[in-house]
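Here is the structure we will look at, set down as structure tokens.
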Amino acid sequence: YDTKTPQYKTSDPTSFAYVSARERWPVIITQGIDDVHRSTWQTKDEETVKEGKWIVSELAKLKYELQHDRQLSPLLDDGEPDILGYNKELEALGNPKWHSVPWLFSECYLYRRISTIFSQTQKWKSYDIFARQKMSTFKSSRPAVLELAAKYKDIVTELESKHTLKGAKTEEEVEAAEKVLFNEMMEICLWGNATDLSLLTNLSYEDIQKLQGSEARKASEKNIIVNDLGKAFDVLTAAKHSGKKERRLDIVLDNAGFELFVDLILAGYLLAAGLVTTIVLHPKSIPWFVSDVLPGDFASLISALADPQSFYTSSDDDNDAGKATPLTDEEVSNLQFLFQHWSGFHAEGQLVLRPNRFWTEGGSYWRLPATATDLLEDFKESELIVFKGDLNYRKLTADVSATWPATTPFAEAIGPLGPKSGVRVLALRTCKADVVVGLPEGEDERLRGTDNGGGSSGARKWAWSGKYAVVQFCDGKAS
Ligand code: F6P
Ligand code: MG
């Protein structure tokens with residue numbers, strides 16, 4: 001059930017894996033050390049301080065092993081069933097070293113290993129080493145959040161009061177208006193992924209804002225190099241017309257903060273427009289790839305919206321929000337509208353959070369049908385499964401290396417989740433890694449020829465920065 005095609009490895013000098021293992025990961029661990037350090041000094045509890053120091057030393061050890069190209073050591077059993085799988089895989093890979101190991105597996109191992117350090121403590125078991133970064137980046141996206149909140153309130157109010165959109169009268173007009181908004185919401189949701197903390201480690205306030213406004217979105221439309229949104233809209237409207245009462249859409253989440261915010265904007269729109277009746281969100285269970293959503297991030301976001309004024313203006317030691325301009329009454333009311341709307345859906349069971357340890361295993365989603373049968377059966381109940389972000393895309397396509405041309409059809413590249421799987425897949429992905437499939441003939445070559453596209457170096461550099469995106473669909477329910 002696994003792909004037989006070789007995957008990207010950290011030893012491949014032309015891949016982003018190479019840079020990741022040598023430059024990016026040590027920085028991520030260092031930031032983690034700083035974070036724990038800070039929390040340690042903020043407490044007076046002796047045991048917490050003692051354990052905090054121990055965590056720092058374990059993280060330093062991990063960083064040393066990584067930078068000195070040592071073997072990936074077996075994971076300590078913390079009682080979760082995935083440990084066995086990780087350790088078996090290490091053995092099957094011949095106990096590899098950090099600088100010559102499949103990229104996908106080793107990057108997952110890195111976060112899983114960090115998690116085992118915390119689970120060995122008493123006081124830090126549920127500590128999220130990346131929570132600070134996630135929240136402070138969300139704070140920095142204030143202008144885009146306010147813009148979207150105002151827009152959301154307008155759309156939803158219009159939908160709920162008149163049951164129609166933009167003055168549309170006939171059924172065709174309503175559907176055309178719904179389609180325009182569907183595309184826009186999906187695109188917001190797509191580009192929300194471009195502000196991912198694991199990649200953009202030193203993003204400035206201005207950089208974040210540039211990536212998020214509606215102007216930026218319009219300018220980026222040409223950078224969606226494959227766009228199957230129309231097909232996704234068609235399956236949702238077909239289900240609606242079929243008279244089916246329960247129509248569910250799933251989102252396999254990626255990052256917290258601004259991206260989760262826009263995922264909820266999309267979810268709220270789909271529910272309010274009646275395009276679906278339930279949305280199931282799939283978060284991670286342990287701190288993952290720096291910015292991924294944990295259930296706690298969902299709770300923090302909702303409570304920030306419940307009292308936005310104090311969220312944006314209260315001072316903490318992480319940023320200078322204390323000096324921020326207070327929100328206007330209208331801005332407060334727009335944000336509280338979101339809070340009420342989303343908590344309403346949540347309370348009614350229409351917006352559900354469903355964690356599963358499968359998401360933090362080390363393998364690709366080619367394994368899903370065989371090893372996560374519970375998930376597969378659950379997914380079959382859904383009209384559409386939206387996979388957000390780069391890592392989900394790498395896992396869908398098994399991170400297969402350059403031996404697969406970029407023209408390989410998406411349906412083929414996702415293996416057992418492809419045709420006849422019983423599951424409909426939609427990937428919304430800004431490209432931050434080498435693997436790309438489903439491109440038209442000649443497109444990869446054209447993009448390599450652009451500025452910083454990689455040229456003749458052999459590296460697919462255009463796909464590393466989040467500038468380009470693909471939206472790809474496969475109907476595994478079609479007969
Ligand atoms: O490309 C850098 C990287 O950290 C990848 O290793 C990983 O796949 C991705 O970014 C995470 O991005 P996202 O949050 O979009 O999945
Ligand atoms: Mg992520």
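Atoms within a ligand are numbered from 1 in the order they appear, just like the ligands themselves. Keep in mind the model is a prediction, meaning the values are calculated, not measured.
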[X], any N or O under 3.5 Å of ligand 1 N or O:
{"X": "Leu391", "answer": "yes"}
{"X": "Ser20", "answer": "no"}
{"X": "Ser291", "answer": "no"}

Strictly under 2.8 Å, is the Mg ion (ligand 2) approached by any N, O or S atom of [X]?
{"X": "Glu259", "result": "no"}
{"X": "Asp390", "result": "no"}
{"X": "Ser291", "result": "no"}

(request) Find out whether Asp12 and Tyr18 are in side-chain contact, i.e. whether some heavy atom of one side chain is under 4.5 Å from a heavy atom of the other. (result) no
(request) Side-chain contact test, heavy atoms from C-beta onward, threshold under 4.5 Å: evaluate it for Ile55 versus Gln120 and give yes or no. (result)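 Contact flag for Ile55/Gln120 side chains = no.
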Does [X] reach the main-chain N or O of [Y] with its side chain, forming a donor-acceptor pair under 3.5 Å?
{"X": "Asp434", "Y": "Phe16", "result": "yes"}
{"X": "Ser382", "Y": "Arg248", "result": "yes"}
{"X": "Lys139", "Y": "Phe311", "result": "yes"}

Just jot down the ligand 1 atoms closer than 4.0 angstrom to any heavy atom of [X], in number order.
{"X": "Gly389", "value": "15 (O)"}
{"X": "Trp103", "value": "6 (O)"}
{"X": "Phe16", "value": "1 (O), 2 (C)"}

(message) Which residue in the set Leu294, Thr360, Ile114 passes side chain to side chain contact (heavy atoms under 4.5 Å, CB included) when paired with Pro287?
(response)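 Answer after filtering Leu294, Thr360, Ile114: Leu294.
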(message) Test of understanding: given a 4.0 Å heavy-atom threshold, classify the contact between Asn193 and ligand 1 as side chain, backbone, both, or neither.
(response)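 The side chain, only.
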(request) Please work out whether any backbone atom (N, CA, C, O) or any side-chain heavy atom from C-beta onward of Trp464 is under 4.0 Å from ligand 1, and answer side chain, backbone, both or neither. (result) neither
Determine, using ring centers only, whether [Y] and [X] are less than 6.0 Å apart.
{"X": "Trp342", "Y": "Phe261", "value": "yes"}
{"X": "Trp359", "Y": "Tyr365", "value": "yes"}
{"X": "Tyr152", "Y": "Tyr269", "value": "no"}

(message) I want to confirm something. Looking only at heavy atoms, which of Lys432, Arg429, Arg394 is nearest to atom 7 (C) of ligand 1?
(response) Arg394
(request) Between Asp254, Val435, Asp390, flag the one that comes closest to atom 9 (C) of ligand 1 by a heavy atom. (result)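 Among Asp254, Val435, Asp390, the closest heavy atom to atom 9 (C) of ligand 1 comes from Asp390.
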(request) If you have a sec, read the angle at the Mg ion (ligand 2) from Asp292 atom OD1 over to Asp254 atom OD1, to 10 degrees. (result)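 Between OD1 of Asp292 and OD1 of Asp254, the angle at the Mg ion (ligand 2) is about 90°.
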(message) Does the residue Lys388 have a heavy-atom contact with ligand 1, meaning some pair of atoms that are separated by less than 4.0 Å?
(response)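 It does not, in that no heavy atom of Lys388 comes within the 4.0 Å cut-off of ligand 1.
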(message) One pair to check against side-chain contact (heavy atoms from CB on, under 4.5 Å): Val471 and Leu426. What are the steps and the verdict?
(response) CA-CA 7 Å; Val471 177; Leu426 178 73; 3.9 Å; yes
